[in-house]
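To start, the structure itself, in structure tokens.
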Amino acid sequence: MFDFWYFLLRGLQLSAPMAYGALGAVYSETGGVVNIAVEGMMLTGTFFFVWGATLFKSWIAGLLFAIVGAVLISLIHGLATITFKVNHVVSGTALNILASGLTRFLSMQVFGMETQSAVNPYTPPTFLRINVIAYFFIPLAIFTLWLLNRTRFGLRLRSCGQNPWAADSLGVNVYGYKYVGVILSGVFAGLAAATLYPYQWIDAMTAGRGFLALAAMIFGNYNPLYAVLAAMLFGYAETLTYFQSQIPLLSGISPILIKAFPYILALIVLAGFLGKTKPPKADGVIFEKGEG
Amino acid sequence: MTQEQVKVQPKSMEWKYRLIESLAPVLGFLFAMVVMMVTVQFIGESPIKALSAILTFSFSQAGIAYIVSQSIPLIIAGEANAIAFQAGVFNIGVEGQYLFGALCAGVAGAYLNLPTYIHIPVVILAGMLGGMIWILIPALLKIYKGVHEVISTIMMNQIASAVILYLVNGPFNGVRGVSQSFNLRTPYMEPTAVFPSLHNVINSVTGLFGFKFPHYVAVDLSWLIALIVVVVLWFLLFKTSLGLRIRWIGQNISASVYAGVDVKKTLLVTMLISGAIAGLVGLQEVAYISKFFTPNITRGLGFTGLAVALLARNNPLGVIASGLLFSFLSRAGYGLQMYTKVPNSLIGIISGLMILSVVVIDQILRRYARTLRRREVG
């Protein structure tokens, strides 16, 4: 029997890592910092979740650890790109490599195994059979939309991504706002990590979801709500592969092709229906106070 | 750039500033090594022992041979990324392009019956064609629809993973009756399609310096392919007008529009070249080492290639050094793993840290050199 309600909820859970990742990326890029490091921040978060939870025997500690771990990586990204003015893509790529090594290294030191952690019994509580943290990404997307478009903070963050020189001349602390954007992307990557698979850390377990989160953000045209909807497209398509055998219409199709379907669909949508996506004007631009 | 034109005084210290600016890779590497040794000490292993493990394991005859041989796919992947970056295109899809290219090469090698002097070029072209097919959609979407290549190439990576699995499971399955198994692969390539070994040629040269590549290390046609790719790309970028246009677009797209560059056409050509090179990345493994294509082929070379290109600042010649460096680091990791208590993963941390420290130190040194120049000019 096809359990439609469970399908809906399960899809919400599978969408959550990409949705949180995409929301975080929206904050970072709104402030003008390109964040390829979402993948690495999420991966670090997944390890730190299991580490914190098993260390303090509490999922809340795990969540805090996940956020701290991801924020640490985001701080390095901020330091490199904002303070030291390094190319954003270079820094992000380096951090993804670093995070992959770091998690395996720490796992060896903490759990004695390089490719997986011990099993973590302290996972977030479930509501209707799914991780409670997964329920919050839609409200948070709406909150983000309001925050970015209706508050002074949002206006200033956007100004740093659109024209940091103008913002600077009006007295906005551009470096500070950029840091806040990057750190928030770390916080959200931590939330993403907590919804991915809190039972155990496994090497490279994010499996490209951080990159999919970036894709969702661009797909959603840097708008938090649309980005989350794009993430849900990927998440629900993944869910479909688990429920495929229960759906008569789909049971004849190769599960491998079903897996590729959302990405093909995304390409078609991008090709046919959407116009150009518009990143913030100074996204990825190195800002130096007093120049330009 | 503007500072370089301000050579007012005859006794300029310009060479000194240039030297300061060029120190970043060395200093970054040294910084990463120091951090590594401190970490080694921290987890209770002797840094001296770790260092000697790395050196003996990497710079033995077999060690050097492996480092050079395994740098070949990294160099090719680095070049595929570098040419795209030169035009300001972020081809994160090298991963999918080389997977599909490798599949095409494997299929061309297994299903065609041709004399060897035609079959091998066909295999190589099939790989390049596969890579080009896989970048064509992102290229067209970017040019005609303004779709950002990061999103479209990531999509194509995901689709590639699924498509190769589907094709090797279905029409190109070389092991009948086995479905989705660990041994999933295409049929063996015809002997006419397998890359020839270049041991004799290379060893006759390196033998002059007393060095021989052991037979178990892959020394094959892909070495020559990598060399050709490097030379052709360098020539294309720095000696042709197309190369000039590519670099213009990468540096300032709106200025190149005013200068009359056909941006769409140049972008399309650049991306197709990038895809074609990406299609060559897996050939060493497919056409020489395993002689078939499998979905379990080495993954992640596209992403490492990204780092290789960035560390070389997208210079085709620099990519050789940077590819060798990453190959050395991976070898060093195995050395540590084997002879000390230090896990292989430390090398991952150090690789990331090295890229970061090189670029950060580079920025600091440039700034320092600029201050010195300004002081000189007065």
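Side-chain atoms are counted along with the backbone in the values below, which use heavy atoms only and exclude waters and symmetry mates. All chains are named by letter (A, B, ...) in the order of the sequence lines, taking the proteins before the strands, and each is independently numbered beginning at 1. Quantities reported herein were computed from a predicted structural model and do not represent experimental measurements.
Of the listed residues B:Leu141, B:Val150, B:Leu356, the one with more heavy-atom pairs under 4.5 angstrom with chain A than any other is B:Leu356. Considering only heavy-atom pairs separated by less than 4.5 Å from chain A, the leading option among B:Val342, B:Val359, B:Leu311, B:Ile151 is B:Ile151. For the set B:Asn157, B:Ile159, B:Ile355, the count of heavy-atom pairs under 4.5 angstrom toward chain A peaks at B:Ile159.
Only the side chain of B:Ile92 has a heavy atom closer than 4.5 Å to any heavy atom of chain A. Residue A:Phe261 does not touch chain B at all, counting heavy-atom pairs closer than 4.5 Å. Neither the backbone nor the side chain of A:Leu79 comes within less than 4.5 Å of any heavy atom of chain B. For B:Tyr144, no part lies under 4.5 angstrom from a heavy atom of chain A.
Among residues two or more places apart in sequence or in another chain, the ring-ring contact (aromatic ring centres under 6.0 Å, His included) test is passed with A:Phe211 by B:Phe303. With sequence neighbours excluded, no residue forms a salt bridge (Lys or Arg N to Asp or Glu O under 4.0 Å) with B:Arg299.
No donor-acceptor contact under 3.5 angstrom links the side chains of A:Asp283 and A:Gln162, judged on distance only.
Ion pair B:Arg367/A:Glu288 flagged as a salt bridge, since at least one NZ, NE, NH1 or NH2 atom sits closer than 4.0 Å to an Asp/Glu carboxylate oxygen.
In this structure, the side chain of A:Lys85 does not engage the main chain of A:Ala80 through any donor-acceptor pair within 3.5 Å. The backbone N or O of A:Trp201 sits less than 3.5 Å from a side-chain atom of A:Ser117, completing a donor-acceptor pair.
Residues B:Phe172 and B:Phe293 place their aromatic rings such that the two centres sit no closer than 6.0 Å.
Within the structure, the salt bridge (Lys or Arg N to Asp or Glu O under 4.0 Å) test picks out the following pairs touching residues 220-242 of chain A (sequence neighbours left out): A:Arg209-A:Glu238.
Residues of residues 89-116 of chain A placed with any heavy atom under 4.5 Å of a heavy atom in chain B are listed by number as A:Val89, A:Val90, A:Ser91, A:Thr93, A:Ala94, A:Leu95, A:Ile97, A:Leu98, A:Gly101, A:Leu102, A:Arg104, A:Phe105, A:Met108, A:Gln109, A:Glu114.
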